[in-house]
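What follows is a single structure, written as structure tokens, with notes after it.
Atom set for the values below is all heavy atoms of this structure, side chains included, hydrogens, waters and symmetry mates excluded. Not measured: the values here are computed from a predicted model. The sequence lines fix the lettering, A, B, ..., with proteins before strands; numbering per chain opens at 1.
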Amino acid sequence: MAVNSVDLTNCDSEPVHTPGYIQAFGALVVASESDLVIGHASANCKQYLSQVPQDLLGLHLSAFLGPDLFADLQSRSLVPTRPDYLNPLKCQFSDGQGNRRTLDCLVHAHDENILLEFFEAPPDTVEHDGLEIVRRQIVSEPTLPRSSSEICTAAARMFRRFTGYDRVMVYRFHEDNHGEVVAESTDQPDSFLGLHYPASDIPEPVRRLFAASTIRMIADVDDEPISVLADPDSGDQRPIDLSHAKLRGVSPIHVEYLRNMGVRASLSAPIVVKGRLWGLISCHHSGPKALPLRLLHTCELIGSIVASFLHGLRSSEHLDALLAVQALSHHIERRCHEGMSLFEALRLYAPSVNHRLKTDTLVVQIGDDGFVAGEKLEQIPNLSVLRSHAVAGMLVSDHLGNFDGRVLTGGNACAGGALLMLSEDGSDYVFLGRRNYAHTVTWGGDITKSVTVEEGGRLRISPRRSFQAFKQTVSGRSRPFESGQRELLGHFRRSLVALRSAERERLAWREKEIAEANQAVMQAQLLHSARISSMGELASSIAHELAQPLTAITNYVNACRQEIRNLGQTLPADISELMDDALAEADRAGAIVHGLRNFIEHGDLEPSELNIEESVRDGVGLMISGGLAFGVEVALDIDGNLPKVWADPVQIEQVLFNLVRNAAEAMDGGSEKRVAVSAKLNEKREVEVTVRDSGPGVPSEVKAAIFHPFQTTKRGGLGIGLSVCRTIIEAHGGRIWLADTQPGAEFHFTLPVG
Amino acid sequence: MAEKLPVFVVDDDASVLKSLKALIRAHGHPTFTYASAEEFLADYDEDMKGCLLLDVRMPGMNGLTLQSRLESKKSSLPVVIITGHGDVPRAVQAMKAGAIDFIEKPFSDEVLLESISRAHAIIERGGPALGDAEDAVERLNQLTPREREVLDQLVLGHPNKMIAHELRISPRTVEIHRARIKEKLGARSLSDLIRTIMAARAPSSSLMTSPNH
């Protein structure tokens with residue numbers, strides 16, 4: 001829409017509520033709320049009250065109204081209400097020639113003033129119970145209107161029948177405040193139905209007055225405005241705030257606007273739904289026209305009834321939509337509870353999501369997974385750009401081009417949409433896109449107003465003169481997101497956020513469980529391997545120890561036989577046989593021991609290509625996680641370019657575990673506890689690992705046999721750890737030794753490069 | 001009967017030491033026993049003649065260390081290594097360092113006597129410790145390239161499983177190769193295989209020089 005922003009600025013700054021003059025169909029008297037002394041009076045007081053305004057200024061209200069009326073006034077609440085014509089004061093004033101005139105007086109307090117507006121009272125004969133008629137008519141109109149346009153059409157028809165205006169229209173304001181005529185009743189040949197009017201036709205201050213106030217009548221734009229005189233002796237010379245005054249003067253711009261349209265009198269009743277100006281019932285008349293207060297009252301009631309109908313309709317529509325979205329959320333939630341991921345659940349319900357939220361395409365991104373469902377729209381905006389504009393996790397717009405500066409053309413462009421952020425880190429979101437809605441808007445006249453430059457360089461607008469229909473094709477926007485739909489999107493988002501956060505918590509928990517389970521498995525493996533190794537070690541040393549006596553037995557028997565031969569004696573066959581049996585049994589004993597050891601050791605070497613750095617980290621990490629290295633500072637220095645070795649990872653970790661644990665235990669009670677683990681490639685091109693501690697070192701009497709089983713300096717230790725280490729390292733073709741250092745202990749082991 | 005070769009036995013286990021002395025003596029060899037490597041070194045002199053029967057695994061100075069000490073003293077004692085079961089890598093190491101043979105505990109007297117007589121033969125010849133190099137080369141040449149690869153791994157003391165992985169073949173195949181190799185080389189034991197290889201690699205080596213070249 002090509003609306004010049006200059007117009008709006010100018011119009012919006014116009015002081016419409018304090019014009020300083022009133023319309024001619026009544027008189028105004030204003031008293032200060034604090035002292036009840038009249039400070040302002042309209043210039044036409046003589047005509048209505050038979051007193052010149054100058055005589056009224058400075059008068060106390062009680063003196064002006066007389067004791068009865070004054071008492072009546074004081075008993076009332078003067079706060080402006082809506083509807084506010086419930087009970088006008090009935091006043092009688094003498095015209096100075098013995099005649100008494102009856103006037104209706106509307107009183108309200110505003111901005112520290114009490115405003116009294118005097119109107120001609122219609123003769124009693126004309127009075128009728130308008131409210132009752134309205135009620136009856138509304139009930140007899142299409143009984144329960146099913147759509148807002150039915151309600152509006154009925155309202156327009158009723159209004160015109162009642163008031164006799166030439167033309168009654170119902171405007172509806174869109175989200176961007178531009179108006180559209182959605183219903184019309186007229187006896188004129190031309191029709192305004194379906195025409196759009198720019199937002200600037202009803203400037204923001206006027207809009208505020210409509211929303212806050214009530215019905216507005218302009219009796220005749222050709223009437224001379226009546227100025228409001230102020231008491232020159234009063235200190236307060238501010239113009240009176242006429243926001244709630246029926247007589248409030250008409251702004252010259254509006255007068256010109258109406259004249260250009262050929263309208264002399266008008267009536268506008270606001271339709272306020274849920275505190276928002278939904279629209280207007282607007283009446284135009286080609287001649288002057290002022291309604292008596294009672295009819296005005298009835299019109300206002302009709303406006304209120306229309307509003308409540310619309311409210312009811314909207315509420316029920318909104319409720320239906322809300323229930324549908326809640327049902328959808330519930331379905332998704334149930335799937336998630338059944339164990340489906342939010343991602344899959346959204347994919348399953350994607351068509352329903354688009355249907356319920358009236359969108360064309362659905363883009364879902366949950367962590368690393370994403371999908372697009374629905375229609376293939378083009379030019380889906382850069383979502384990370386949109387994200388930066390999101391407020392409270394949401395961005396909704398029918399004009400996404402605003403945000404990433406694209407020109408959206410073509411029917412398949414994604415012109416509008418809603419971005420719903422599902423997590424604070426921005427990794428989960430849902431985008432609902434709406435396609436470009438290219439359509440023709442018929443404006444009630446060329447929407448460009450002429451701008452003239454006033455003295456002093458200030459821009460001033462003149463309303464357009466032509467109201468010839470002006471067609472404009474609108475593109476680059478989607479169908480608008482109405483406030484109810486925004487609310488639905490908010491609901492939907494909140495339920496998805498809750499589901500996603502629960503899901504994330506669950507995933508994090510599961511990951512933690514898996515990690516813990518993995519560690520438990522590793523520790524179990526290590527423990528198992530330690531046990532196997534210890535058993536193997538035990539079996540090995542039993543085998544070794546048993547091999548000695550068995551060897552001795554064999555040797556002795558063989559020696560015996562030889563000695564008998566040496567004596568020149570022939571061994572009797574049965575004795576020789578007994579000796580053979582002894583040897584065979586010794587052999588068998590040896591075989592059993594070897595068999596036992598082989599059985600225990602069987603398969604305990606599971607070599608694979610091994611990165612020593614990982615082993616070191618895992619071995620040391622296991623110790624730390626097991627709480628065994630409390631208070632010990634472990635420093636790693638591992639050459640990053642070490643070649644892979646061919647070794648059993650669990651076994652090598654066990655060696656590291658043993659060495660580091662020994663180091664930590666050796667330093668127990670010391671003040672400085674440091675363990676340094678380093679790995680490098682030595683001159684023989686073997687991987688050499690060193691574990692050095694800051695403890696007291698190994699006592700010299702233990703050094704020689706430190707790798708033998710059952711050697712220990714530790715209380716409660718079996719003395720098997722280092723001998724297990726040796727078994728493992730030697731089984732890998734490596735070497736293990738204790739370096740001759742002081743202080744501290746320094747163990748080295750090597751592994752051949754695989 | 002020719003004069004029996006003296007045998008020096010070093011073993012930390014007293015009962016083994018005593019039984020060995022009884023057995024070897026019964027076969028007529030003068031026998032001297034030592035409970036540790038240190039004890040033997042203390043008694044050692046260059047003129048010692050005989051066979052050194054050495055337990056490889058001992059507290060304090062082990063067999064291998066004693067071997068290298070002797071080598072540094074230009075000792076001419078042929079060394080036979082006694083190992084526990086399954087201590088092959090160490091035995092291989094000892095062979096490379098100049099041991100003429102190794103036997104695994106417990107052993108029969110035939111095996112022991114054979115080693116001692118091998119030592120005797122070497123001393124008698126005063127020459128090559130390892131047998132005919134040309135013969136060894138010829139035998140090795142009968143092996144297929146794959147068998148040769150397996151052999152190279154075997155003499156490093158690697159277990160079958162490791163060889164299988166190294167050569168990307170199954171352990172069963174290693175077993176088959178192993179049997180073929182023994183057959184082709186006329187070897188009865190691992191020590192025979194090691195000797196053959198070392199003989200082929202060092203055609204002119206004598207017992208005194210290191211066979212590692």
Side-chain angles (χ1 to χ4, degrees), chain A residues 536 540-541 543-567 583-584 586-591 593-595 597-598 601-603 605-609 646-648 703-708 711 726-727 729-735 752 754, chain B residues 1 9 11-29 31 36 38 53 55-62 64-65 82-90 92-93 103-113 153 156-166 171:
Chain A
S540 178
S541 59
H544 178 75
E545 295 307 320
L546 272 180
Q548 314 302 329
L550 289 173
T551 303
I553 292 168
T554 310
N555 289 346
Y556 284 129
V557 175
N558 284 328
C560 225
R561 197 188 335 238
Q562 188 57 40
E563 289 295 356
I564 291 168
R565 260 190 228 127
N566 290 348
L567 291 173
L583 288 175
D587 254 9
R588 196 164 73 88
V593 171
H594 292 149
R597 193 182 66 165
N598 286 343
E601 286 185 341
H602 181 75
L605 212 59
E606 293 280 359
S608 61
E609 278 205 337
W646 179 250
D648 183 334
K703 264 185 184 165
I706 193 157
F707 290 107
H708 284 231
Q711 294 284 338
R726 188 188 59 185
T727 309
I729 294 302
E730 288 180 357
H732 282 89
R735 294 169 292 130
Chain B
M1 193 192 270
V9 187
D11 197 312
D12 62 312
D13 189 287
S15 66
V16 172
L17 199 60
K18 196 175 160 204
S19 69
L20 277 174
K21 185 171 183 172
L23 178 62
I24 299 164
R25 245 211 202 133
H27 285 283
H29 295 273
T31 310
S36 70
E38 290 84 351
L53 208 54
D55 187 15
V56 79
R57 195 165 173 170
M58 291 181 291
M61 187 187 295
N62 68 27
L64 294 177
T65 314
I82 306 171
T83 70
H85 180 82
D87 204 357
V88 177
R90 210 185 285 258
V92 171
Q93 224 173 327
I103 53 179
E104 290 180 60
K105 278 185 202 172
F107 39 79
S108 66
D109 53 351
E110 286 90 355
V111 170
L112 174 66
L113 293 175
Q153 296 281 326
L156 289 174
H158 289 177
N160 282 1
K161 225 182 198 175
M162 203 159 161
I163 298 171
H165 176 266
E166 196 72 31

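If you take CZ on Arg25(B) and CD on Glu563(A), they are separated by 8.5 Å, rounding to the nearest 0.5 Å. The structure places CD of Gln562(A) at 7.5 Å from CG of Leu113(B), a figure rounded to the nearest 0.5 Å. Note: Gln548(A) CD to Leu17(B) CG = 10.5 Å, rounded to the nearest 0.5 Å. Atom CH2 of Trp646(A) and atom CD of Glu166(B) lie 8.0 Å apart (nearest 0.5 Å).
Shown here for Ser15(B) and Ala552(A), the closest heavy-atom pair between the two residues is O-CB, 3.6 Å. The two residues Ser19(B) and Thr551(A) have their closest heavy-atom pair at OG-O, 4.2 Å.
Contact annotation for Lys21(B): neither backbone nor side-chain heavy atoms come within less than 4.5 Å of a heavy atom of chain A. For Asp55(B), no part lies under 4.5 angstrom from a heavy atom of chain A.
At least one side-chain heavy atom of Phe107(B) sits under 4.5 Å from a side-chain heavy atom of Asn555(A).
Side chain of Asn566(A) to backbone of Ala26(B): a donor-acceptor contact under 3.5 angstrom is found.
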